[in-house]
Amino acid sequence: MIARMWACVLVPALIMGVFSGCFTEVGNAEDEQLVSGRFEIDYASNPQPLPKSATSPASTDPDSISIRQFYLEIREAEFQAFDSVAMRNVERHLWKKSGATLPVDFTGEDASAALPIQKMDAFKPDNFVLQCLVPKQSVLKPDTLDFLNFSGKGYIKGYLYTGQSATPFLFQLPENQEIHLEYSAAALLTWYRANEYHCEFVFFATKWMEGAGLGKAVVTRDRSGAPLIILGNGHNAALYALLVERFYKSFNTQRVFAEVGR
C-alpha cells in the first residue's frame, strides 16, 4: 500500500525551458529521452525489492505505522552507459544543481519538494545511483517540542498504531549522511516506457518497523503533555540503533551505500 505519492508528469515546453538553465542537458532533441522521479512510501507486508504499484491506503492494524513527514535532499543521479560514437563507457549526471541540493518529500504532500523532469541523451544506462543527503538537524527538546507543528526535515515524523490508539513518533535520520541508492540495469528496464524513464524510489515503511518492538519504546511527552516516542541520539538508544540499521535496507534496491559527509 502506497501512501500519498507524488509523480512527475509531462509539462509544457515552456516550463521545461525554465528548468533547462539549471540542469545538465545534452544531445539533439530527436536523440533525447525524458527522465522523471517519483518518491513513495509503501506499507506492504511483503514488499518486492523492485518498484511496484498498489492503491490501498495504509491500514491501522495493531502495531502499524503511518509516516507523515520524510524528506531527503538529492545531490544528483549518476549513471554509466556505452557511447557507440566514442566506443567507451561514459558517465552522465541528472538533477545536478551546482552548489545546491534538491529536496524531495516521500509522502508527496509537499509539492515544492519534487524533482523536475530531466532530459538525457538516448543511452541505455548500465546502472543508476541516486545520491541523497540527510537534511540538517536540530537538537530535540521534548519540553519545548510541539509535535503537531514540528517540521524539522532531519526527522521522520509519524504515528504508531496499537489497537485503537495512535502514538506520535519522531525518528532522527542518520546524522551527516550521504546515502547512495543504486539501481541495476534490470530495475531500469522496469522504469522504461515510451522512450521515457519513470524512476520510482520507494521506502518500505512496514519492512522498516515490523517486529522491531516500537510499542516497547520509552514514551515521553511534548510540551502539550501529549505522549511522544523519540528515536534518536539519547532517546531509546538500542531501538534507535536497530532502526538505523534497518533504514538502509528498506528502500527498493539491494545496494545502499552510506558515508559521513556532505
Side-chain angles (χ1 to χ4, degrees), residues 23-24 35-42 44 47-52 67 69-82 89-107 113-115 118 120 123-137 153-156 171-192 197-210 212 231-233 237 239-262:
F23 301 93
T24 304
V35 185
S36 63
R38 180 170 68 184
F39 294 82
E40 305 170 5
I41 297 173
D42 193 318
Q48 300 299 313
L50 294 179
K52 63 190 184 74
I67 293 177
Q69 175 185 288
F70 179 11
Y71 285 88
L72 288 177
E73 296 177 2
I74 305 305
R75 182 194 294 278
E76 65 177 305
E78 175 184 295
F79 67 93
Q80 288 79 38
F82 183 75
N89 284 329
V90 295
E91 182 176 281
R92 291 288 184 264
H93 303 268
L94 298 168
W95 299 303
K96 184 174 183 178
K97 190 173 182 180
S98 179
T101 57
L102 295 169
V104 293
D105 173 16
F106 274 79
T107 72
L115 295 179
Q118 281 272 253
M120 73 173 191
F123 290 119
K124 291 184 178 180
D126 293 329
N127 67 344
F128 186 98
V129 181
L130 187 70
Q131 299 180 10
C132 313
L133 298 177
V134 171
K136 292 183 180 179
Q137 301 163 340
K153 292 181 173 60
Y155 297 81
I156 292 179
F171 171 81
Q172 180 182 359
L173 291 167
E175 290 185 285
N176 301 318
Q177 288 284 300
E178 180 168 332
I179 302 168
H180 292 188
L181 307 178
E182 182 172 332
Y183 296 89
S184 66
L188 292 168
L189 285 175
T190 69
W191 295 345
Y192 189 71
Y197 284 94
H198 301 272
C199 306
E200 296 179 330
F201 308 109
V202 183
F203 183 77
F204 296 119
T206 299
K207 178 180 179 180
W208 178 46
M209 283 287 186
E210 195 169 45
L231 303 157
N233 293 331
L239 180 55
Y240 176 61
L242 173 62
L243 290 175
V244 168
E245 180 183 356
R246 286 179 163 212
F247 174 77
Y248 300 114
K249 301 176 182 178
S250 298
F251 294 90
N252 63 328
T253 173
Q254 298 293 335
R255 295 176 62 83
V256 177
F257 300 91
E259 59 184 32
V260 176
R262 292 188 64 82

Undergrad: Do Phe201 and Val104 touch side chain to side chain, with heavy atoms closer than 4.5 Å?
TA: no
Undergrad: Test of understanding: with side chain to side chain donor-acceptor pair (under 3.5 Å), list the residues that count as partners of Gln69, not counting sequence neighbours.
TA: none
Undergrad: Is it the case that Glu175 and Asn233 place a side-chain donor and acceptor less than 3.5 Å from each other?
TA: yes
Undergrad: Side chain to side chain contact (heavy atoms under 4.5 Å, CB included) between Val35 and Trp191: does it pass, once the steps are laid out?
TA: CA-CA 10 Å; Val35 185; Trp191 295 345; over 6 Å; no
Undergrad: Kindly say whether Ala113 contributes a backbone atom to a donor-acceptor pair with the side chain of Asp105 at under 3.5 angstrom?
TA: no
Undergrad: With sequence neighbours left out, write down each residue that passes ring-ring contact (aromatic ring centres under 6.0 Å, His included) with Tyr192, or none if nothing qualifies.
TA: Tyr197
Undergrad: Got Gln172 and Leu231 here, is their nearest side-chain heavy-atom distance under 4.5 Å?
TA: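 Answer no - side chains too far apart.
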Undergrad: Can you list everything that forms a side-chain contact (heavy atoms from CB on, under 4.5 Å) with Glu210? Sequence neighbours excluded, please.
TA: Thr206
Undergrad: Donor-acceptor pair, Gln137 side chain versus Leu173 backbone, under 3.5 Å?
TA: yes
Undergrad: Within the side chain of Lys153, is there an N or O that forms a donor-acceptor pair under 3.5 Å with the backbone of Glu73?
TA: no
Undergrad: List the residues meeting side-chain contact (heavy atoms from CB on, under 4.5 Å) with Phe257, not counting sequence neighbours, and say none if there are none.
TA: His180, Glu182, Arg255
Undergrad: In chain order, what residues pass the ring-ring contact (aromatic ring centres under 6.0 Å, His included) check against Phe171, with sequence neighbours excluded?
TA: Trp208, Tyr240
Undergrad: Who pairs with Ala212 by side-chain contact (heavy atoms from CB on, under 4.5 Å), at least two apart in sequence or on another chain?
TA: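 Partners of Ala212 under the side-chain contact (heavy atoms from CB on, under 4.5 Å) test: Leu239, Leu242, Leu243, Arg246.
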